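Down below is the structure, laid out as C-alpha cells.
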2 protein chains.
Amino acid sequence: MAGSIDPLALDNQLCFALYAANRAVTGRYRALLDELGLTYPQYLVMLVLWEAVQQEQVMTVSSLGQRLRLDSGTLTPLLKRLEARGLLQRRRAASDERVVQLALTPEGQAMRQQAQHVPVQLFCDSGLPLGDLVQLREQLKGLLRRLESDCPSAESPA
Amino acid sequence: MAGSIDPLALDNQLCFALYAANRAVTGRYRALLDELGLTYPQYLVMLVLWEAVQQEQVMTVSSLGQRLRLDSGTLTPLLKRLEARGLLQRRRAASDERVVQLALTPEGQAMRQQAQHVPVQLFCDSGLPLGDLVQLREQLKGLLRRLESDCPSAESPA
DNA sequence: ACAAATTGAATTGTGCGCAATTAATATGGT
DNA sequence: ACCATATTAATTGCGCACAATTCAATTTGT
C-alpha cells in the first residue's frame, strides 16, 4: 500500500503539490494583506519597489517585469490600481519616452513599516523550522533556474 | 556579501520562490497541453477524473473541488468547457438533485493515453534527479498540510 | 539621412481563482 | 406535516496571468 508509481496519479505530481501549496500560501497572505489594502501580486510589486528605494534605483515597468517574471499585460493595470491608491506614480522617462518609470509616493514608502510583520506572521503560520523553509526556498529557486534556462529537451530541429 | 536577512527582501521570500516556480512549471506544461487542447487546470481535473475511472468512483463537483482545492466558482465554467469539448458529461444525481455528477466520455477516457508522456517530459525538462523532485514534492505537501490545518497564530479570541 | 528592425508599454481577449450572493434541495427538530 | 438550518451548485464581480496585437519611440544598417 506504498505510493503508487502511476505517472499520472495526482498525488505523484510535483506540479500539483506546487500549485496547491502556492495557493495555500497566497491564501494565508490574503487576510494579512487585506489590512494593507493590497492583493498578493501587488504586495510583490511593493517589495521590489521598496528594495529599489533602498538601493536608490529607478524601477521601470520592464525591470519590474524581469524581477517578478510578469509582462506588461499583467503589470500595467496592476500599477494603475496602485497609482490610483496613491502608492506610486508612473511617468515617462525624459531620456526615452517609451519607458515608464515608477516612483513610490511617501505613502507608498511608509507602507513598508506596516508590512514588516507580514512575512514574520507567515513564518509562524507555517509551523516549520526556519532551516526547512530556507532549504525549500533554495530548492524552488534551483528548479526555477533549471526551467528558465533552455533545456535540452525543449528545442525541435528544423 | 552573503544573503541579506531583510525579511522583506524579495529573494528571501519563500512565497515568491513558490509563486515563480509554480508559474514556470505551469508555463512548461502549457506547450505540451496545447497539443491536447487542455489548459493546466483542465489537465488537473482530467487527472482526477482518470483516477476516478480506474477506481470506479463517481466524482461530483464538490468531491473534485475537495481534491483540487477549488470551488464551484472556478470549476463550474471549467467543467462546462470540458463538456463543450466532448470530454465529459455533467448530470444531476437522481438521489440528490443538488449534486452534479461527472462522467468522462470515451473521448475523455482515451485522452489519458495521449497524456502519458506529459509528466515524463516535464521530468526531463527539470534536469533534476528524481530523488530531488520527490523530496521537493513531499516538502511541499508538508507545507500544504501545515497551512490547511488551523494554525495556532490564526484565530483571534472573542 | 533614411528604411528596417527592435524595444517598451498598452490593449484586447480568454481562462482561471476566489469572495460573496443566490437558488434549489435536503435534513433535523418539534 | 412544518419550519429553520445545512448543503450543493451556479452566478456575479474583480483581479490576476498570459498570448497576441498594436503603436510609438528608438536603434541599427547602409
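Predicted model only: the values in this text are computed from it and were never measured.
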Check your understanding: Quick one: what's the B/S/- string for nucleotides 13-25 of chain C, heavy-atom cutoff under 4.0 Å, read 5' to 3'?
Key -> --SSBBB----BB

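At a threshold of 4.5 Å between non-hydrogen side-chain atoms, the residues Val99(B) and Val61(B) do not count as touching. The side-chain heavy atoms of Gln13(A) and Tyr43(B), taken from C-beta on, include a pair separated by under 4.5 Å.
Considering only side-chain N and O atoms, Lys80(A) lies under 4.0 angstrom from the phosphate OP1 or OP2 of dT11(C). The side chain of Thr60(A) places no N or O atom within less than 4.0 Å of a non-bridging phosphate oxygen (OP1 or OP2) of dG8(C).
In this entry dA6(D) has no Watson-Crick or G-U wobble partner, no candidate having both defining distances under 3.5 Å. Applying the Watson-Crick and G-U wobble criteria (two distances, each under 3.5 Å), dT12(C) pairs with dA19(D).
If you measure from atom CZ of Phe16(B) to atom C1' of dA17(D), you get 14 Å, rounded to the nearest angstrom. If you measure from atom CG of Leu64(A) to atom C1' of dG8(C), you get 13 Å, rounded to the nearest angstrom. To the nearest angstrom, P of dA19(D) lies 13 Å from CG of Leu33(B). Look at CG on Leu75(A): it is 10 Å from P on dC16(D), rounded to the nearest Å. For the pair Met59(B) CE and dA9(D) C1', the interatomic distance rounds to 15 Å; values are reported in whole Å. In this structure, Leu102(B) atom CG and dT8(D) atom P are separated by 14 Å, rounded to whole Å.
Classified by its glycosidic torsion, dA6(D) falls in the syn category, the angle being within 90° of 0.
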Check your understanding: Given the rule in the salt bridge (charged side-chain N to carboxylate O under 4.0 Å, His left out) test, do Asp34(A) and Arg28(A) qualify, once you have shown the distances and angles that lead to the verdict?
Key -> CA-CA 11 Å; Asp34(A) 228 39; Arg28(A) 284 283 174 173; over 6 Å; no

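Between Gln135(B) and Gln139(A), the side chains place a donor N or O and an acceptor N or O closer than 3.5 Å (distance only, hydrogens not considered).
Checking each of Leu38(B), Val118(B), Thr39(B), Leu44(B) against Tyr29(B) for a side chain to side chain contact (heavy atoms under 4.5 Å, CB included) leaves exactly one that passes, namely Val118(B).
Taking hydrophobic clusters as Ile, Leu, Val, Met, Phe, Trp and Tyr residues chained together by side-chain heavy-atom distances below 4.5 Å, Leu87(A) shares a cluster with Leu68(A). Linking Ile, Leu, Val, Met, Phe, Trp and Tyr residues whenever their side-chain heavy atoms come within less than 4.5 Å leaves Leu10(B) and Leu144(A) in two separate clusters.
Counting non-hydrogen atoms of other residues, nucleotides and ligands closer than 6.0 Å to CD of Gln89(B) gives a total of 12 or fewer.
Classification of the Tyr19(B)-Tyr40(A) ring pair by plane angle, with boundaries at 30° and 60°, yields perpendicular.
Less than 4.0 Å separates DNA chain C from at least one heavy atom of each of the following residues of residues 85-93 of chain A: Arg90(A), Arg92(A).
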